[in-house]
Amino acid sequence: MDHVYIQNIAQYVGKEITMKGWLADKTDKGKLQFLKFRDGTGFIQAVVFQKDVSPEAFDATKKLTQESSVILTGVPRAEPRAPGGYELSVKDVQVVQIAADYPITPKDHGVEFLMANRHLWLRSPRQHAILRTRARIVKAIRDWFDDNGFLLVDTPMLTPSACEGTTTLFETDYFGVPAYLTQSGQLYNEADAMAFGKVYCFGPTFRAEKSKTRRHLTEFWMVEPEWAYGTLDDYMRVGEEFVSYIVQTILKERAEELKVLERDTSKLEKVTPPFPKISYTEAVELIQKNGFPDFKWGDDFGAPHETIISEQYDKPVFVHRYPTEIKAFYMALDPTNPKVVLGADLLAPEGYGEIIGGGERSADLAYLESQIEKHKLPREAYEWYLDLRRYGAVPHCGFGLGIERTVAWICKLDHVRETIPFARMLEKIYP
RNA sequence: UGGCGGGUAGCAAUCCGGGUGAAUGCGCCGCACUGUUAAUGCGGAUAGAGGCAGGUUCGAGUCCUGCCCCGCCAGCCA
């Protein structure tokens with residue numbers, strides 16, 4: 001007989017089934033043993049009464065340690081008192097392995113210890129809630145693009161040169177020549193958009209920045225759509241529809257997980273289109289009026305400035321038309337004011353900062369040539385990119401959304417390190 | 001990289017006005033208990049010469065110096 005998974009338990013109420021998994025925790029009440037059992041799809045309480053099982057099985061139950069692997073046979077039934085609503089009345093217990101003294105106890109632990117034991121920490125209910133939410137966010141992202149005419153066209157991880165500069169890249173030895181782990185699929189995405197119209201790429205991204213904050217990883221996942229004939233306004237409209245879809249989907253599909261995480265969902269419910277949109281210039285005035293009178297037009301936002309902006313709204317907010325000087329070389333100039341570019345960032349509420357960056361890309365060959373020179377980029381590495389402006393250049397736009405920051409925001413976590421199974425952080429790569 | 005705060009038993013904390021190798025809870029073992037949810041009660045064992053290296057002192061976990069590691073914040077960014 002095939003074994004049954006906890007996530008499907010409702011279909012088997014009253015029937016004898018077998019479940020395979022691990023013992024998360026146990027409460028010994030003498031002739032009654034409560035097993036907190038998990039199988040990867042969920043947690044369920046199993047109850048072993050001495051009179052219901054063989055003496056051998058009962059003995060084995062009493063000897064089970066935390067995280068021992070075990071196969072249970074029994075009958076599930078509805079139990080209002082149990083988390084999840086179901087409970088297994090056990091008829092037989094088969095021990096697969098008795099686990100050695102398990103380091104992670106149900107009591108408090110520090111971050112250092114938990115991260116050193118990340119390979120085991122993943123088994124905890126809270127980590128399940130986060131990573132199951134992450135998986136659903138990823139599916140929502142793919143669904144939205146797939147259903148809105150975007151073609152998945154992935155971009156390379158290994159690149160011959162930097163996208164925007166060389167200081168933050170991980171270098172590898174590519175058959176004797178340097179190659180770099182990608183920090184963005186952006187430029188390749190533009191080639192793909194000129195080929196397929198509407199595309200998106202989705203994969204890991206690497207940045208060797210010495211950033212040590214709750215919002216940074218050296219390896220993180222990013223989804224980047226790019227589409228031909230798209231404008232700044234198109235991008236912001238797509239962005240708000242897209243982000244709202246993700247949030248509303250999670251509210252519906254991961255309500256149980258958000259409850260485990262004690263997430264205040266009323267704040268997420270408000271995330272619907274349209275989002276507020278303010279210009280960089282308006283944002284500067286806002287910052288000056290709220291405690292930073294010395295902030296100058298032309299300065300880039302720091303974390304405290306972003307917080308001031310996002311605190312004004314109960315939805316994510318777009319800040320558009322940044323000074324040309326502080327943005328990437330490929331950004332399109334605003335034809336009505338060449339001091340600013342047609343770019344915009346989306347700032348998440350509740351202090352989570354920038355979760356999207358993007359905008360319209362320049363289609364102007366001469367302008368891009370001058371930008372490459374101005375930014376001291378190696379011209380030959382960008383010839384293929386310039387080709388895109390020689391052969392059927394069109395206005396186009398795109399953006400990148402950081403998965404981990406989005407997960408951290410939706411789950412309301414203190415740090416992005418819990419949003420990915422094995423976080424890669426500054427000088428930390430174990431386990 | 002800078003600022004601040006930390007590194008004491010497997011884990012988490014107390015001790016931080018220097019003075020007999022101090023110490024609580026969890027975990028672990030045993031006993032009791034048919035409704036636990038971080039169970040409870042009783043009993044027991046294990047465990048560090050207090051991050052590492054120096055220094056001051058009659059005497060240092062406790063003061064000083066250097067180094068290592070961790071956390072938070074900042075810069076940079078998604």
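Just so we're on the same page: letters track the sequence lines, and every chain starts at 1.
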Please list, one pair per line, the donor and acceptor atoms closer than 3.5 Å that link side chains of residues 396-409 of chain A to other protein atoms, with sequence neighbours excluded.
unit_1, atom_1, unit_2, atom_2, d
A:H396, ND1, A:V394, O, 2.9
A:H396, NE2, A:E190, OE1, 2.7
A:E404, OE1, A:W221, N, 3.0
A:E404, OE2, A:R134, NH1, 2.9
A:E404, OE2, A:R134, NH2, 3.2
A:E404, OE2, A:W221, N, 3.3
A:R405, NE, A:R215, O, 3.1
A:R405, NH1, A:E354, O, 2.9
A:R405, NH2, A:R215, O, 3.3
A:T406, OG1, A:G402, O, 2.7

I'd like to know if A:K107 reaches the base of B:A38 with its side chain, counting only an N/O donor and acceptor under 3.5 Å.
yes
5' to 3', nucleotides 29-34 of chain B under a 4.0 Å protein heavy-atom cut-off (B base, S sugar-phosphate only, - none) gives ----BB
Using the six-membered ring of A:F34, assess whether NZ or CZ of A:K26 lies under 6.0 Å from its centre and within 45 degrees of the ring axis.
no
Base, sugar-phosphate, or nothing for A:E224, non-hydrogen atoms under 4.0 angstrom?
nothing
Taking B:G25 as the reference, what is the distance to B:C69 when you measure between their C1' atoms (whole Å, please)?
26 Å
Answer yes or no for A:K315 and A:F275: cation-pi contact, defined as NZ/CZ to six-membered ring centre under 6.0 Å and angle to ring axis within 45°.
no
Stem segments of RNA chain B by first residue number [Watson-Crick or G-U, under 3.5 Å, at least 3]
B:1-7 with B:68-74, B:10-12 with B:24-26, B:28-32 with B:40-44, B:51-55 with B:63-67
Check: B:C77 base within 3.5 Å donor-acceptor of A:H216 side chain:
yes
How long is the span from the CG atom in A:L64 to the CD atom in A:Q97, to the nearest 0.5 Å?
11.0 Å
Name the nucleic acid region contacted by A:H415, choosing base, sugar-phosphate or nothing; use a 4.0 angstrom heavy-atom cut-off, strictly under.
sugar-phosphate
Answer yes or no: side-chain N or O of A:S211 and base N or O of B:C76 forming a donor-acceptor pair under 3.5 Å.
yes
